[in-house]
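Just so you know, residue 1 is the first one in the sequence shown, and it goes up from there.
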Amino acid sequence: MEFDIYTLALLYYWMASFIHSGQTLTDREYDDIVVTELGRPTTLPCVDPEMTGTVTVSWTKHGTPKGMEKLLLSASEGKVSSGPPKFSLADPNFLESGVFSLLFVPKIGDQGLITCLVEKQERKLRKVILHALLTVTMVPASPLPYGILRLEASVVPNYMVGSITWAGPGGTPLRSEVRRMETLTKIPHFNQNDQGTYICVIQPKYNCSVANFSFNVDVKMDVSREDICWQQERSNVVPCGCDATVASFTKVPNDLQISTGSVANRPHPLACPPYKGDSVLVRWENLEKRMLPKLVYQYDRWRDSTAPPVEGSPLLQLAGPPYNAHSGFFSFLLSPEIRDSGVFTCDVFHDDKCYRQRTTLSVLKVEVSPSSTSSSLYISCRYSGISQVEKVGWSHQNRSGRPRSFSPGPGKINVNISLPITADNAGKYTCTMLLRNGQVIGAVYTVTLPTTVESAGVAAPSLLPPLSALLLLVPLVAAAVGVLLWRQRHISQRGIEQSLSRHSWEAENIYENPEDMRLTSPQGSVYMDLKPGEGDDIYRELDRSEPSQC
């Protein structure tokens, strides 16, 4: 029954908004704007201290179509009569105070133009008020169980509204979204720390005696339903997941299960349920260490807040396009270490529903083993998440068979490469991990041949000193060749054939034949010849003029 009444109220607001959607007001049609809240006692002001004594007061509501009027209240000389009994004057002593304000509890249909008319003989006070009606809806009703708080605000007629905003306890601004005629804000994972007074602020679009209207909404939590989730880890506030029995949301039964693998330190997508949400929680469970699930990420798009990562947990980051966490579409990127394998549970919350997706991740990593020696190079293939691994093995690009490998323990398989590296054992070595669901994950390690000195980055000896010496020898060699040609020409003129015939055994090297030197005429140079001498002199010098001793 309550749902039917709420639906009819929204329908009425929509119709009223439609009727006035094209309407604009001028200063002549109203004097002031007053916004009141549905169901709460309120007052429409009408005051003139000079209008006292014998007066006549009337309050009239202008209906639609224009021109129709409805008397709400009339009073004269202390006698008050009204139409609906809910209307009364705020001050019973209005004849002396000059306060003619209208007191009532607004209901649906009380919005619109309302006129206060006060008459005293020839004097008149006429004030036209544009009365706007605010409706605030809180779901669930206070006191709340653990879950999500939804606050909705709507105003009719809505054409007079400039903006509607929400603020939390202490005046903290909250994110708001306009949906049809309502302005909505949410507090996901509402707990005792979120109790307090929430404020709805309406700013009029047209001239008004006040800048804005503020309305308080008191929200409390049902402390009798103690929240077990927040007690799990006192040092780290842990919100409830889909399995919480104390929460007001309903878990959607169609959980999604994914089994996959990744290469270590390579970005890997971690998907969440494909539904628009208000917040997201990610928990991680390392099955090999038999640890309890640990909350590793939480994001609230209404508060635009992210909890700091837990020390020692996998580092996640929200994924970009086509996902948009600010709009409620969540996915993550994980660059896993070998220790980050396990089960990742992503819970997406939307109003009173919770969607879940679980991803079991295995991680593969190849690296040079520290057990390598001067004669052998060991390449280690490490893998975690063994429970969903079918088998792991090595392969080489240039061999049809598998390279020699061994397993030093669970989750590790090494390949042995003899040193030095040759063309036969160089190349790409691939470690392949086959999961039980048929998915194949591979990681490659490339072994390269030894490089040259230059390619290794060691500076080669400079060629400049030998080259400089060679350049210095060029003129010396040229001079020697010139002397040789000159001597050949003069020897041929002096009958060198006879000398060569007597000493044919010396003719192979004319520089080493002293007899040929004597046959040439002196040219101002001293030729030296070394022969055995007497006494301590092993060699003595022969002058060109000394007779030959041969």
Side-chain angles (χ1 to χ4, degrees), residues 6 9-10 12-14 16-17 20-21 23-25 27 30-45 101-108 110-114 129-144 148-188 190 193-221 278 300-305 326-327 351:
Y6 180 68
L10 291 179
Y12 181 85
Y13 291 161
W14 180 83
S17 175
H20 293 285
S21 60
Q23 181 176 352
T24 58
L25 298 178
D27 293 339
Y30 74 98
D31 300 299
D32 201 359
I33 295 176
V34 176
V35 181
T36 65
E37 185 178 355
L38 179 68
R40 292 194 178 185
T42 189
T43 301
L44 297 185
S101 301
L102 183 66
L103 176 65
F104 67 109
V105 177
K107 295 183 179 180
I108 296 174
D110 289 337
Q111 72 279 356
L113 292 175
I114 298 178
I129 298 174
L130 174 58
H131 176 221
L133 188 58
L134 167 69
T135 301
V136 174
T137 305
M138 177 171 56
V139 180
S142 181
L144 279 72
I148 183 170
L149 169 64
R150 287 166 290 172
L151 293 172
E152 302 171 352
S154 60
V155 176
V156 289
N158 63 350
Y159 59 79
M160 54 72 55
V161 177
S163 65
I164 301 177
T165 56
W166 282 98
T172 305
L174 299 177
R175 175 179 176 177
S176 302
E177 290 183 359
V178 178
R179 298 180 179 179
R180 298 185 180 92
M181 294 177 57
E182 300 169 347
T183 300
L184 172 69
T185 189
K186 296 183 181 182
I187 308 296
F190 185 89
N193 296 331
D194 298 318
Q195 296 183 110
T197 300
Y198 289 76
I199 305 171
C200 178
V201 180
I202 294 96
Q203 182 179 9
K205 182 186 296 184
Y206 304 106
N207 296 336
C208 183
S209 59
V210 297
N212 51 58
F213 298 88
S214 298
F215 300 89
N216 295 339
V217 182
D218 294 326
V219 184
K220 295 182 179 180
M221 186 174 185
D278 301 307
D300 179 351
R301 77 181 187 92
W302 291 93
R303 296 183 179 96
D304 194 21
S305 63
H326 194 68
S327 299
D351 289 341

Checklist entry - Tell me, do F213 and L134 make a side-chain contact under 4.5 Å, heavy atoms counted? => result no
Next on the checklist: With heavy-atom distances below 4.5 Å as the criterion, would you say the side chains of Y198 and T185 are in contact?
Outcome noted: no
Next on the checklist: With a 6.0 Å cut-off (strictly less than), is the heavy-atom count around NZ of K107, excluding the residue itself, greater than 12?
Outcome noted: no
Checklist outcome for this item: Shortest non-hydrogen pair, P204 vs N212, comes out as CD-CA, 4.1 Å
Checklist entry - With a 4.0 Å cut-off, would you call R150 and E182 a salt bridge? => result no
Next on the checklist: Nearest 0.5 angstrom please: D218 CG to T197 OG1, how far?
Outcome noted: 4.0 Å
Checklist entry - Are the side chains of P173 and T165 in touch, meaning some heavy atoms are under 4.5 Å apart? => result no
Checklist outcome for this item: Between I164 and A153 the two heavy atoms that sit nearest each other are CG2-CB, 4.1 Å
Checklist entry - So E152 and R179, side chain to side chain contact (heavy atoms under 4.5 Å, CB included) or not? Walk me through it. => result CA-CA 10 Å; E152 302 171 352; R179 298 180 179 179; over 6 Å; no
Checklist entry - How close do P157 and A132 get, heavy atom to heavy atom, and via which atoms? => result CD-CA, 4.1 Å
Item to check | Side-chain donor or acceptor of S142 paired with backbone N/O of K220 under 3.5 Å | outcome: yes
Item to check | salt bridge (charged side-chain N to carboxylate O under 4.0 Å, His left out) against R40, all qualifying residues, sequence neighbours excluded | outcome: E37
Item to check | Check: K205 main-chain N/O paired with Y159 side-chain donor or acceptor under 3.5 Å | outcome: no
Checklist outcome for this item: Here the pair of heavy atoms bringing W166 nearest to T183 is NE1-O, 3.4 Å
Next on the checklist: Under 3.5 Å, is there a donor on one side chain and an acceptor on the other for S209 and D32?
Outcome noted: yes
Checklist entry - Does the pair W302 and L149 meet the rule for a side chain to side chain contact (heavy atoms under 4.5 Å, CB included), with working shown? => result CA-CA 11 Å; W302 291 93; L149 169 64; over 6 Å; no
Item to check | Heavy-atom side-chain contact between F215 and V136 under 4.5 Å | outcome: no
Next on the checklist: Are R303 and P188 packed together at the side-chain level, in the sense that at least one heavy-atom pair is separated by less than 4.5 angstrom?
Outcome noted: yes
Checklist outcome for this item: When rounded to the nearest 0.5 Å, the distance separating OH of Y206 from CE of M160 is 9.0 Å
Next on the checklist: Run K186 and D300 through salt bridge (Lys or Arg N to Asp or Glu O under 4.0 Å) and show every step you take.
Outcome noted: CA-CA 10 Å; K186 296 183 181 182; D300 179 351; over 6 Å; no
Next on the checklist: Any non-hydrogen side-chain atom of T36 less than 4.5 Å from a side-chain atom of L133?
Outcome noted: yes
Next on the checklist: Can you tell me how far apart CZ (R175) and CD1 (I187) are? Round to the nearest 0.5 Å.
Outcome noted: 12.0 Å
Next on the checklist: How long is the straight-line distance from OG1 of T137 back to CG of L38, given to the nearest 0.5 Å?
Outcome noted: 9.0 Å
Item to check | Aromatic plane relationship, H131 with F104 - under 30° parallel, 30 to 60° tilted, over 60° perpendicular | outcome: perpendicular
Checklist entry - Got a second to check how far I202's CD1 is from S154's OG, nearest 0.5 Å? => result 9.5 Å
Checklist entry - Is there a donor-acceptor contact under 3.5 Å from the side chain of D278 to the main chain of D351? => result yes
Checklist entry - Rounded to the nearest 0.5 Å, what separation is found between the CG atom of L102 and the OG1 atom of T43? => result 8.0 Å
